[in-house]
Protein chains: 2
Amino acid sequence: MDKNVLKSSDLKNTKRRMAILEVLENSSIPLTAEEIYSHVIKTVHLSLSTAYRTLGTLSEKGILLKNLCQDGKTYYQINSHQHKHQLVCTLCNQTVPIDDCPLSIIEKNLIKQTGFTITGHSLEFSGICPKCAKHN
Amino acid sequence: MDKNVLKSSDLKNTKRRMAILEVLENSSIPLTAEEIYSHVIKTVHLSLSTAYRTLGTLSEKGILLKNLCQDGKTYYQINSHQHKHQLVCTLCNQTVPIDDCPLSIIEKNLIKQTGFTITGHSLEFSGICPKCAKHN
DNA sequence: GTTAGTGCAAACTCTTTGCAGCACT
DNA sequence: AGTGCTGCAAAGAGTTTGCACTAAC
């Protein structure tokens, strides 16, 4: 991601923010604040509250997508306009990304039916992964 | 709902449980623990922790469906095998139930692709309702 | 009578916030 | 230099849990 994303959103270009964005760019799945924090702290000092604050700011600016999942944790991902949902094993927590979002057609119908402007959605599947199914 | 739901799940038939189930039966939308508690307490004394414990138990038994939504609260509804999702206005919190769940086809594809057994899903749309769109 | 259910208070997890000090432009 | 960013510690929301008491079977 271009280093100007921050500037063009009127945000200062700091080490911590760059590091956070980098972690998310290199991840194929959405990550929690804790996960991002753990990655970043290996190379750049930062506090957990800064992680939360930064992730919040970047989400407000539309740079990130923020999603509260069924495990009670908030997951963040780069807003690439090609967002992903997750399929999570309830036993081992294995997470499989769902690459294409199947909801656009459904959203169109909802707009017609309710008159709402739809600004987002959250979708999460849970199940048992093949490994866990074998071992239980 | 039949009063035998509890018995057939090896649960004792108590005033509080009946009251909680009744509130959910009479609601057209999923409710939070707090909302359920507030309704029930008008007629039957109960503590918030009992509400949480009961809702948890009933969800485990498959009598209720439990869903953590983007507002950070867990919503409960009767598991009628005709569950509902929600469309929530991010400004006024108006909630519109989505009556038919559009995900069964998508789930079938996921099963093929991942080998998971799918046991549940959560889906939530957010947007701006027509009223709020006018007033802003 | 026994086991499951309940109330209360305390604890727990994830996240947010107030304030003083620091770093980017 | 000025404003926004950060760290730390404390607080907040929603939910869970330990223990003693109570009620259903």
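Computed over heavy atoms, backbone and side chain alike; hydrogens, waters and symmetry mates excluded.
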[X] has an atom [atom1]; how far is it from atom [atom2] of [N], in whole Å?
X: A:Lys15; N: C:dC24; atom1: NZ; atom2: C1'; result: 11 Å
X: B:Asp71; N: C:dC14; atom1: CG; atom2: P; result: 18 Å
X: B:Asp10; N: C:dT2; atom1: CG; atom2: P; result: 20 Å
X: B:Lys73; N: D:dG12; atom1: NZ; atom2: C1'; result: 13 Å
X: A:Leu68; N: D:dG14; atom1: CG; atom2: C1'; result: 11 Å
X: B:Gln70; N: C:dC14; atom1: CD; atom2: P; result: 17 Å
X: A:Lys7; N: C:dT25; atom1: NZ; atom2: P; result: 6 Å
X: B:Leu48; N: C:dA11; atom1: CG; atom2: P; result: 18 Å

* Residue mapping more 5' on DNA chain D - nearest nucleotide basis, B:Lys66 or B:Leu11 ->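 The residue closer to the strand's 5' end, by nearest nucleotide, is B:Lys66.
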* Asked: Does A:Lys12 or B:Thr74 map to a spot on DNA chain D nearer the 5' end, using the closest nucleotide for each?
  ->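 Mapping each residue to its closest nucleotide by heavy atoms, the 5'-most match is A:Lys12.
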Measuring to OP1 and OP2 of [N], would you say a side-chain N or O of [X] lies under 4.0 angstrom away?
X: A:Ser47; N: D:dG7; value: yes
X: B:Thr54; N: C:dT6; value: yes
X: B:Arg16; N: D:dA23; value: no
X: A:Thr14; N: C:dA23; value: no
X: B:Tyr52; N: D:dT15; value: yes

* Whichever hydrophobic residues join A:Val96 through chains of side-chain contacts under 4.5 Å ->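 Result for A:Val96 is A:Leu87, A:Ile98, A:Leu103, A:Ile106, A:Leu110, A:Ile111, A:Phe116, A:Ile118, A:Leu123, A:Phe125, B:Leu87, B:Val96, B:Ile98, B:Leu103, B:Ile106, B:Leu110, B:Ile111, B:Phe116, B:Ile118, B:Leu123, B:Phe125.
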* Asked: Looking at C:dC8, does its base get a donor-acceptor pair with the side chain of B:Ser49 below 3.5 Å?
  ->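 Per atom types, the contact qualifies.
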* Measure distances between side-chain N and O atoms of A:Arg53 and base N and O atoms of D:dG4, and say whether any donor-acceptor pair falls under 3.5 Å. =>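 Counting by modelled atom types and ignoring angles, no donor-acceptor contact under 3.5 Å is found here.
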* Contact summary for B:Ala51 and B:Tyr37, nearest pair of heavy atoms ->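 The pair with the smallest heavy-atom distance is CB-CB, 4.4 Å.
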Ignoring hydrogens and geometry, is there a side-chain-to-backbone donor-acceptor pair from [X] to [Y] under 3.5 Å?
X: B:Lys61; Y: B:Ser9; result: yes
X: B:Arg17; Y: B:Leu6; result: no
X: A:Thr54; Y: A:Thr50; result: yes

* Asked: Under 4.0 angstrom, heavy atoms only, what part of the nucleic acid is B:Thr57 near: base, sugar-phosphate, or nothing?
  ->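 No contact at all - B:Thr57 keeps every heavy atom at 4.0 Å or more from the nucleic acid.
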